[in-house]
Amino acid sequence: PLTKYQGAVIQVLYRAHLNRTPYMQTQEIFHQINENLSDDGNSNCPEGDKISDIFKSNREASAALIKRKGQSHYCLNLY
């Protein structure tokens with residue numbers, strides 16, 4: 001199973017896909033996670049400051065669900 005923050009990353013990338021946004025930068029992903037998971041929008045993601053930090057306990061899920069382009073651009077691995 002995914003952790004709360006791993007699920008939040010997938011949710012943000014899924015919404016981006018629905019909005020036809022091909023790739024999202026790490027900072028924008030974290031910004032949207034913080035907005036979604038906190039009442040005031042100022043919460044910090046406690047599992048690190050990189051997508052790989054969030055998925056360090058579940059690298060298989062990251063490899064299966066997320067495609068990376070360059071150093072900080074991500075999308076769902078749908079193709």
Side-chain angles (χ1 to χ4, degrees):
L2 299 176
T3 68
K4 174 172 133 178
Y5 291 101
Q6 291 168 353
V9 169
I10 300 304
Q11 182 179 40
V12 166
L13 292 175
Y14 177 69
R15 287 182 183 160
H17 172 75
L18 292 178
N19 290 327
R20 300 179 193 265
T21 302
Y23 285 91
M24 290 189 70
Q25 290 187 324
T26 304
Q27 294 307 319
E28 180 60 26
I29 294 169
F30 283 132
H31 176 74
Q32 288 191 26
I33 289 171
N34 289 335
E35 282 186 351
N36 294 343
L37 295 180
S38 87
D39 294 334
D40 61 6
N42 292 321
S43 172
N44 289 322
C45 190
E47 294 189 41
D49 60 352
K50 298 186 286 189
I51 301 298
S52 61
D53 290 340
I54 290 180
F55 282 90
K56 68 183 171 195
S57 66
N58 198 349
R59 298 210 189 276
E60 288 180 6
S62 176
L65 297 171
I66 298 173
K67 185 170 21 171
R68 181 176 170 183
K69 180 180 179 184
Q71 294 236 345
S72 62
H73 291 80
Y74 298 88
C75 71
L76 286 180
N77 187 18
L78 298 175
Y79 309 104

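Between atom NZ of residue Lys50 and atom OG1 of residue Thr26 there is a gap of 9.5 Å, rounded to the nearest 0.5 Å. The structure places NZ of Lys4 at 11.5 Å from CD1 of Ile54, a figure rounded to the nearest 0.5 Å. Here the NE2 atom belonging to His31 is positioned 9.5 Å from the CG atom belonging to Asn36, to the nearest 0.5 angstrom. Rounding to the nearest 0.5 angstrom, the gap separating the OH atom in Tyr5 from the CD1 atom in Ile51 is 13.0 Å.
The only option from Leu13, Val12, Val9 that meets the side-chain contact (heavy atoms from CB on, under 4.5 Å) definition with Tyr74 turns out to be Leu13.
Listed by first and then second residue, the side chain to side chain donor-acceptor pair (under 3.5 Å) pairs that reach into residues 8-25 are Gln25-His73, sequence neighbours excluded.
A pairwise comparison of heavy atoms in Gln27 and Asp49 identifies NE2-O, 4.4 Å as the closest pair. Contact between Pro1 and Gln6 at its shortest, heavy atoms only, is O-OE1, 4.3 Å. Closest approach of Cys75 to Pro22, counting heavy atoms only: CB-O, 2.9 Å.
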For a quick test of your reading: what N or O donor-acceptor pairs under 3.5 Å do the side chains of residues 58-69 make, sequence neighbours left out?
from	atom 1	to	atom 2	distance (Å)
Asn58	OD1	Ala61	N	3.3
Arg68	NE	Gly70	O	2.9
Arg68	NH2	Gln71	O	3.1

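Side-chain atoms of Phe55 and Leu2, non-hydrogen and from C-beta on, do get closer than 4.5 Å to each other.
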